[in-house]
Every structure is written in structure tokens, then in C-alpha cells.
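Comments concern the structure below.
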Amino acid sequence: MEATGVTTLGQNLEALSITLDGQIRILHHVAYDCYDQSGKSIAHNASWLRLANFTISSSHNKLLAIGCDHYLILSGFRNETAYGRGCITYCFSVEDLVNNTCNGTGCCETSILEGVTNITTEVSSFKNHTKVVTFNPCSSAAVVANDAFVFSAANISTTAEEYRSGLRVPVVLNWKIAHRSCHVAETDQTVLCKENSDCTDPPGEVGYRCQCWTGYEGNPYIDHGCQDIDECNVPELNNCKASGL
């Protein structure tokens, strides 16, 4: 089940959709670093996300950088411990680039561990783009949803003006209930899971979610929200033939 629309989620973030299985999709600004023909910096922005109650979804996002003369650094926290990640991308001409390929030539990507929060993404140049500025004036980086971006050689020609206009990308966050485990919430009788559902502890995170039992579907957070599925009316869930059982 998914709710869609545009909702403000603090920090001028737009929540595009929310699912009952623990994901919220937002739009977030990218980090960028731009130079002119002389190698002078003309635009720079570090991208940060301070949402202590949400974590970056490892399975739904990737850390991505675009450009021909730079390195990316992501810093944040995981289980209250400092966490870092990065990658380097380099190239000398547009002919080096391959569409749909992010292997360190014009584009690099890497994964993020589950449970990371409060991130800052920064991008910096090795040589101020002096060797590549004619076709690559800017470098950029972001955490981005897996299904939201496919690299194209045209990406490296994005200008400082386009980045300054507020270029944003989709990011998927994990949400959960409270800052306590199922055991604690069930012990003090504050657990919010309703009938026909179980409390689950997401791996690598603090907090819990509710999930309808197998054979049930719906919203486990409201009374009578998890309803029994009629398998006879769902062909994928039964072995019945058209001529009989």
C-alpha cells in the first residue's frame, strides 16, 4: 500500500510517497562544484540531510557522483558511530564515456550500509576542472533512488546555472515507530501493531514496524486494518483450474 502526493517533511523537503512497509520517498538537493575557464570556483554546494528519525535505505538507494575531475565524500552516522563513504571519477574526453555505465569514468557509484542517518555529501575537484572545463564545467554528487537515474554522457555538461536553480533527485528513507525494539514496546504495552499483525525489528535500525500476518493484507496500524485475503479470488495465490479445483 502506498500513499502519494506532496507533503512538507521539514527542511523544505517534499515527501512524494509513503509505504506501509517502511519507506518514504523524498526530493533532495544534490551537491555540486563548478569552475570557469580559468579554474576559478563559481558555484559550490554541499548537500546535507538532518532527519534523525529516518535512515537512508540501503536497498533502494546508491551513492552517485558525476564528472571528470573529482572525488565524492559522504559522511554521517550509523548506530551513533561516525560513518563515511566515497568514490572517485575521472576522464579526459567525452569519448571516454559510456552511457548506462557508472564505473569511475565520468560516473562512479557505491552502496550505503543500512542504518545511516544525518548525512553530508560533498564533492571536490583535483585540478579545478582545468583539463575538462570545455565539456565538464561541474561535478556533482548525491544519494539517489536506484530507479531514478541512469547515467548518460550528457549529464557531465550540466551547467552551474542549472545546479543553482535547485536540481533535486529522489531519495528513499526508512521510517519506523519510536526509538525502541518490539520487545520493549510489547513489554510496556505501547506497541502500535493491531490485530492480525506482528511487530518486527528492522535490521541495523532502532525502532520497530508492524506487518500483517501471512495471508492478510492492509494497514497493521489501525483497528481491523489487516484483512484476510480471499485466495480463491487471487489467481496468483491458488492452484485452482478454470474447470474446477
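Asn99 and Ala153 get closest at one heavy-atom pair: OD1-N, 2.8 Å. Shown here for Ala160 and Cys138, the closest heavy-atom pair between the two residues is N-SG, 3.5 Å. When all heavy atoms are compared, the tightest approach of Thr121 to Ala142 is CG2-N, 4.2 Å. What you find for Ser41 and Asp33 is that their closest heavy atoms are OG-OD1, 4.4 Å. Across all their heavy atoms, Leu20 and Pro220 have their closest contact at CD1-CD, 4.4 Å. Taking every heavy atom of both residues into account, Asp69 and His129 meet most closely at OD2-N, 2.8 Å.
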* **Residue pair Tyr221, Arg209: steps toward the side chain to side chain contact (heavy atoms under 4.5 Å, CB included) verdict** => CA-CA 9 Å; Tyr221 300 98; Arg209 298 191 191 108; 3.7 Å; yes

* CA sep, side-chain torsions, deciding dist, call: Val171, Asn61, side chain to side chain contact (heavy atoms under 4.5 Å, CB included) -> CA-CA 7 Å; Val171 182; Asn61 297 295; 3.9 Å; yes

* Tell me, with the steps shown, if Asn103 and Thr101 meet side chain to side chain donor-acceptor pair (under 3.5 Å). => CA-CA 6 Å; Asn103 59 5; Thr101 302; 5.6 Å; no

* To do: Could you walk me through whether His224 and Lys194 pass side chain to side chain contact (heavy atoms under 4.5 Å, CB included), step by step?
  => CA-CA 7 Å; His224 314 298; Lys194 302 301 183 180; over 6 Å; no

* From CA spacing to verdict: side chain to side chain donor-acceptor pair (under 3.5 Å), Thr55, Arg78 -> CA-CA 9 Å; Thr55 57; Arg78 182 173 184 263; over 6 Å; no

* **Full working for side chain to side chain donor-acceptor pair (under 3.5 Å) between Thr130 and Asn128** => CA-CA 5 Å; Thr130 52; Asn128 293 3; over 6 Å; no

* To do: For Trp175 and Tyr208, run ring pair (Phe, Tyr, Trp, His ring centres under 6.0 Å): C-alpha distance rounded to whole Å, both residues' side-chain angles, the deciding distance at 0.1 Å, then the answer.
  => CA-CA 9 Å; Trp175 64 264; Tyr208 70 86; 9.7 Å; no

* **Worked verdict on Cys182 versus Cys199 for disulfide bond (SG atoms under 2.5 Å apart)** => CA-CA 6 Å; Cys182 288; Cys199 184; 2.1 Å; yes

* Begin from the C-alpha positions of Lys176 and Glu205 and carry the test side chain to side chain contact (heavy atoms under 4.5 Å, CB included) through to its verdict. => CA-CA 9 Å; Lys176 62 271 183 189; Glu205 299 189 47; 3.5 Å; yes

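Inter-residue side-chain proximity for Arg85 and Ser111 is flagged as met; some heavy-atom pair is nearer than 4.5 Å. Side-chain contact between Phe77 and Tyr83 is absent, with no heavy-atom pair separated by less than 4.5 Å. Considering only heavy atoms from C-beta on, Ile26 comes within 4.5 Å of Leu49 through its side chain. Side-chain contact between Tyr163 and Val30 is present, with at least one heavy-atom pair separated by less than 4.5 Å. Within the 4.5 Å cutoff, the side chain of Pro137 has no heavy atoms near those of the Cys34 side chain. Using a 4.5 Å cut-off on side-chain heavy atoms (C-beta onward), Phe149 and Leu64 make contact. The shortest distance between side-chain heavy atoms of Ile112 and Lys62 does not fall below 4.5 Å. With a 4.5 Å cut-off on side-chain heavy atoms, Ser124 and His70 do not count as touching.
Of the possible polar contacts, one joining the Thr89 side chain to the Gly106 backbone as a donor-acceptor pair under 3.5 Å is found. Asn118 contributes no side-chain N or O that, together with a main-chain N or O of Gly76, makes up a donor-acceptor pair within less than 3.5 Å. Side-chain atoms of Ser57 come within 3.5 Å of backbone atoms of His60 as a donor-acceptor pair (strictly under, hydrogens ignored). Checked by atom type and distance alone, the side chain of Thr187 pairs as donor or acceptor with a backbone atom of His183 at under 3.5 Å. Although no hydrogens or angles enter the test, the distance criterion places a donor-acceptor pair under 3.5 Å between the side chain of Asn146 and the main chain of Ser59. Using a distance-only test at 3.5 Å, with no hydrogens or angles considered, no donor-acceptor pair links the side chain of Ser140 to the main chain of Ala31.
Side-chain contact, Asp96 with Thr105: no donor N or O sits under 3.5 Å from an acceptor N or O. Under the 3.5 Å distance criterion, with hydrogens and angles disregarded, no donor-acceptor pair is assigned to the side chains of Thr81 and Asn79. Looking at Asn174 and Glu114, their side chains do bring a donor and an acceptor atom within 3.5 Å of each other.
In this structure, CD in Glu122 is found 10.0 Å from CG in Asn45, a value given to the nearest 0.5 Å. Here the CD1-SG distance, from Ile66 to Cys102, works out to 7.0 Å after rounding to the nearest 0.5 Å. If you take OH on Tyr32 and OG1 on Thr159, they are separated by 11.0 Å, rounding to the nearest 0.5 Å. Between atom CG of residue Asp198 and atom CD of residue Glu186 there is a gap of 8.5 Å, rounded to the nearest 0.5 Å. Rounding to the nearest 0.5 angstrom, the gap separating the SG atom in Cys68 from the CZ atom in Phe135 is 4.5 Å. Considering OH of Tyr71 and SG of Cys87, their distance stands at 12.5 Å, rounded to 0.5 Å.
A salt bridge links Arg180 with Asp188: the distance from a Lys NZ or Arg NE/NH1/NH2 to an Asp or Glu carboxylate oxygen falls below 4.0 Å. Salt bridge Asp147/Arg25: present, at least one basic N to carboxylate O contact under 4.0 Å.
Cluster membership for Tyr35 and Phe126, using ILVMFWY side-chain heavy atoms within less than 4.5 angstrom, is not shared. By the criterion of side-chain heavy atoms lying less than 4.5 angstrom apart, applied directly or through intervening Ile, Leu, Val, Met, Phe, Trp or Tyr residues, Val144 is grouped together with Leu167 in one hydrophobic cluster. Hydrophobic clustering, with ILVMFWY side chains joined whenever heavy atoms are under 4.5 angstrom apart, keeps Ile88 apart from Val98. Leu51 and Val206 are members of different hydrophobic clusters when ILVMFWY side chains are connected at heavy-atom separations under 4.5 Å. Both Ile156 and Val132 sit in one connected hydrophobic cluster of ILVMFWY residues. Membership requires side-chain heavy atoms under 4.5 Å apart, directly or through other members.
Within a 6.0 Å sphere centred on NE2 of His179, other residues, nucleotides and ligands contribute more than 12 heavy atoms.
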